[in-house]
Amino acid sequence: MITKPKGTIDIYGKNAKKWKYVEEVVDSVMEKYNYTYIRTPLFESTELFHRGVGETSDIVTKETYDFKDRGDRNLTLRPEGTAGVVRSFIENKMYGDTMPVKVYYNGTMYRYERPQSGRDRELTQFGMELIGSNDPISDAEVISLAVNIYKMLGLKDIVVEINSLGDKESRDNYRKALIDYFKPHIDELCDDCKARLEKNPLRILDCKKDADSDILKNAPKISDYLNEESKKRFDEVKDLLDILEVKYEVEESLVRGLDYYSHTVFEIKAGTSNLSIGGGGRYNDLVEELGGPSTPAIGFACGIGRLLLALDEEKVELPIKDDIDAFIMYVNDDEKKYATYLSNELRMSGFKVDTEYTGRSLKSQFKQADRLNSKFLIILNSEDLNNGEVNVKNNTTKKEEKVLLEYLIYYLDEHLVDSETDDEFDIEAFAKEQEEKKKKEEKEGKDEK
Ligand code: HAM
């Protein structure tokens, strides 16, 4: 048997329904905030990620899937979405459009990580980028949008950690202070940290291996190195988050694992599972570094697989639909032909309908209808069909009645509103009502002419 590659997942059955539900909520919230959908390639030039995500990030140094195509081009499966979006922003000259450009995406990313629950090599992220504003209102919007998606999904235990890495001057001063501080202790740190010391000492603070060491815990804090402007900016972001009633914690060791960040960085955790379900930050220099005009930007991304784990851990029941409106049952070939016709008619009229495909006995078809949680059973038999009617059974109340074929759609419409009650349906009164409606519509049509 051929099995799936290590670090990948199959999404099917109930989990797939949950997945689709999450995507629907993401689409609808993004729509409300006026973000438009963007789809960029799954693979890009390797150089994009080296220049974009950064030469000192673990993601680029250890985790990318790089390959050469048949034309000898160096390509990389995208490890994240921001670099591709920024490349597209520059290449398509979106900066000529009204700023800011607000886009969101949803797609697979690839990181050669050590797989474990919630950490995959093929992961799906949804995310958004707000390009073309340096105003703290955009930082607050992006963070609260993310929190609102989690809340809309029913997650309650959400921890938002924020920090500011300041502007270039603040970061340069902090960088120097970190090098001075870490240099005498460098032998006590891991090999990765040794390499990070000169290239990007901020990354040492993010080291998973040395996370518990006192050397890291006692390192200088960024807040002591933020210049006045950066401090003021961070204060404004916090004020706006207060207005939006987003609860946050300032986490001074938060530096994030990608090289492009400046000013605001944030990470969102699900408290119950302690899973990091999303993260992002401001990247004011990236557009220019990738060859575009100097343009400030901020964004966020969330791993959908990990989010679903967090929802499960918090025992959140997503309102996924796991039923069908009607199951059409038949036994002989003539009935099968009618079932084929009727299922098509009902589906095209907007009902969710299934039928029999494997020649089961009528008894087994009842079981199948139950397995599919069918609200109504439409039981065809040749005699009824000759009389122009079908037998319809409400699968909750078990009430059965004959319905004229010409009124079947109205009947289902009327009853599906509340199929769990046994309200009398006066089919004759209903038919009269329909006739009158039809006459009125015809008359109105004539009058209009
Ligand atoms: P990131 O923190 O690398 O940021 O990833 C964002 C989220 O993707 C994480 O919080 C986590 O939920 C999910 N994630 C990351 N790696 C994995 C994995 N191996 N398996 C499952 N889920 C994972 C970024 O990717 C930035 N591009 C975010 C951003 C957008 N910054 C600015 N704009």
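FYI, the numbering just counts along the sequence from 1. All ligand and atom numbering here is 1-based and tracks the order in the structure. For the numbers below, each heavy atom of this structure counts, side chains included, while hydrogens, waters and symmetry mates do not.
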>> Starting from atom 26 (C) of ligand 1, what is the nearest protein heavy atom, named by residue and atom, and what distance separates them?
In response: Y260 OH, 3.4 Å

> Using the ring of each side chain (for Trp, its six-membered ring), is Y225 parallel, tilted or perpendicular to Y174, with breaks at 30° and 60°?
Replying inline: tilted

> If you count the atoms of ligand 1 from 1 in the order shown, which ones are under 4.0 Å from a heavy atom of E129?
Replying inline: 30 (C), 32 (C), 33 (N)

> Between G127, P115, G299, which one has a non-hydrogen atom sitting closest to atom 32 (C) of ligand 1?
Replying inline: G299

>> Counting only heavy atoms closer than 4.0 Å, does ligand 1 sit against the backbone of Y283, its side chain, both, or neither?
In response: side chain

> With side chains defined as the heavy atoms from C-beta onward, is the minimum distance between Y37 and M30 less than 4.5 Å?
Replying inline: no

>> Does any part of the side chain of P41, heavy atoms only, come nearer than 4.5 Å to the side chain of R78, both counted from C-beta?
In response: no

> Who's closest to atom 27 (N) of ligand 1 heavy-atom-wise, of R306, R114, E80?
Replying inline: E80

> Against heavy atoms of I277, which atoms of ligand 1 measure under 4.0 Å?
Replying inline: 10 (O), 12 (O)

> Heavy atom under 4.0 Å from ligand 1: found in R256's side chain, backbone, both, or neither?
Replying inline: side chain

>> Using side-chain heavy atoms (C-beta onward) and a distance below 4.5 Å, is H263 in contact with V237?
In response: no

> At what distance is the nearest protein heavy atom to atom 20 (N) of ligand 1, and which residue and atom is it?
Replying inline: D120 N, 2.9 Å

>> Do L145 and Y35 have side chains that approach each other closer than 4.5 Å (heavy atoms only, starting at C-beta)?
In response: yes

>> Below the 3.5 angstrom mark, is there an N/O of Y105, backbone or side chain, next to an N/O of ligand 1?
In response: no

>> Do K238 and F234 form a cation-pi contact, if we require the NZ or CZ to be under 6.0 Å from the six-membered ring centre and within 45 degrees of the ring's axis?
In response: yes

>> Could you tell me, atom by atom, which parts of ligand 1 come under 4.0 Å of a heavy atom of G278?
In response: 10 (O), 12 (O)

> So is R119 polar-close to ligand 1, meaning N/O to N/O under 3.5 Å?
Replying inline: no

> Purely on distance, is any nitrogen or oxygen of G303 under 3.5 Å from one on ligand 1?
Replying inline: yes

> Which bit of Y112 is near ligand 1, meaning a heavy atom under 4.0 Å away: side chain, backbone, both or neither?
Replying inline: neither

> Could an N or O of ligand 1 be found under 3.5 Å from any N or O of L123, whether backbone or side chain?
Replying inline: no

>> Parallel, tilted or perpendicular: which one describes the rings of Y338 and Y341, with boundaries at 30° and 60°?
In response: tilted

> Rounded to the nearest 0.5 Å, how far does OG1 of T76 lie from NE2 of H50?
Replying inline: 6.0 Å

> Does the gap between the ring centers of F126 and Y104 come in under 6.0 Å?
Replying inline: no

>> Please confirm whether G305 approaches ligand 1 to less than 4.0 Å, judged on its heavy atoms.
In response: no

> Is there a donor-acceptor pair closer than 3.5 Å between any side-chain N or O of K194 and the backbone N or O of L189?
Replying inline: yes

> Can you find a heavy atom in the side chain of I304 that is under 4.5 Å from one in the side chain of V26?
Replying inline: no

> Looking only at protein heavy atoms, which one is nearest to atom 7 (C) of ligand 1, and how far off is it?
Replying inline: A301 O, 3.6 Å

>> Under a 3.5 Å cutoff, is there a donor and acceptor pairing between the side chains of D135 and S138?
In response: no

> Between S117, G281, G279, G118, which one has a non-hydrogen atom sitting closest to atom 21 (C) of ligand 1?
Replying inline: G118

> Quick one: does ligand 1 sit under 4.0 Å from the side chain of E267, the backbone, both or neither, non-hydrogen atoms only?
Replying inline: neither

> Among protein heavy atoms, which lies nearest atom 31 (N) of ligand 1, and at what distance?
Replying inline: Y261 OH, 2.7 Å

> Taking both backbone and side-chain atoms of I59, is any N or O found less than 3.5 Å from an N or O belonging to ligand 1?
Replying inline: no

> How close does the nearest protein non-hydrogen atom get to atom 30 (C) of ligand 1, and which residue and atom is it?
Replying inline: T82 OG1, 3.0 Å

> Which residue holds the protein heavy atom closest to atom 9 (C) of ligand 1, what is that atom called, and what is the gap in Å?
Replying inline: S276 O, 4.1 Å

> Which residue holds the protein heavy atom closest to atom 8 (O) of ligand 1, what is that atom called, and what is the gap in Å?
Replying inline: Q125 NE2, 3.0 Å

> Which ligand 1 atoms, with their elements, are less than 4.0 angstrom from a heavy-atom of E113?
Replying inline: 16 (N), 17 (C), 18 (C), 19 (N)

>> Test side chain to side chain donor-acceptor pair (under 3.5 Å) on S374 and N395; report intermediate values, then the result.
In response: CA-CA 7 Å; S374 188; N395 208 19; 5.5 Å; no

> For atom 16 (N) of ligand 1, what is the nearest protein heavy atom, given as residue, atom name and distance?
Replying inline: R111 NH1, 3.2 Å

> Less than 4.0 Å between a side-chain N and a carboxylate O, is that true for E63 and R114?
Replying inline: no

>> So for atom NZ, which belongs to K398, do other residues, nucleotides or ligands contribute more than 12 heavy atoms lying within a distance under 6.0 Å?
In response: yes

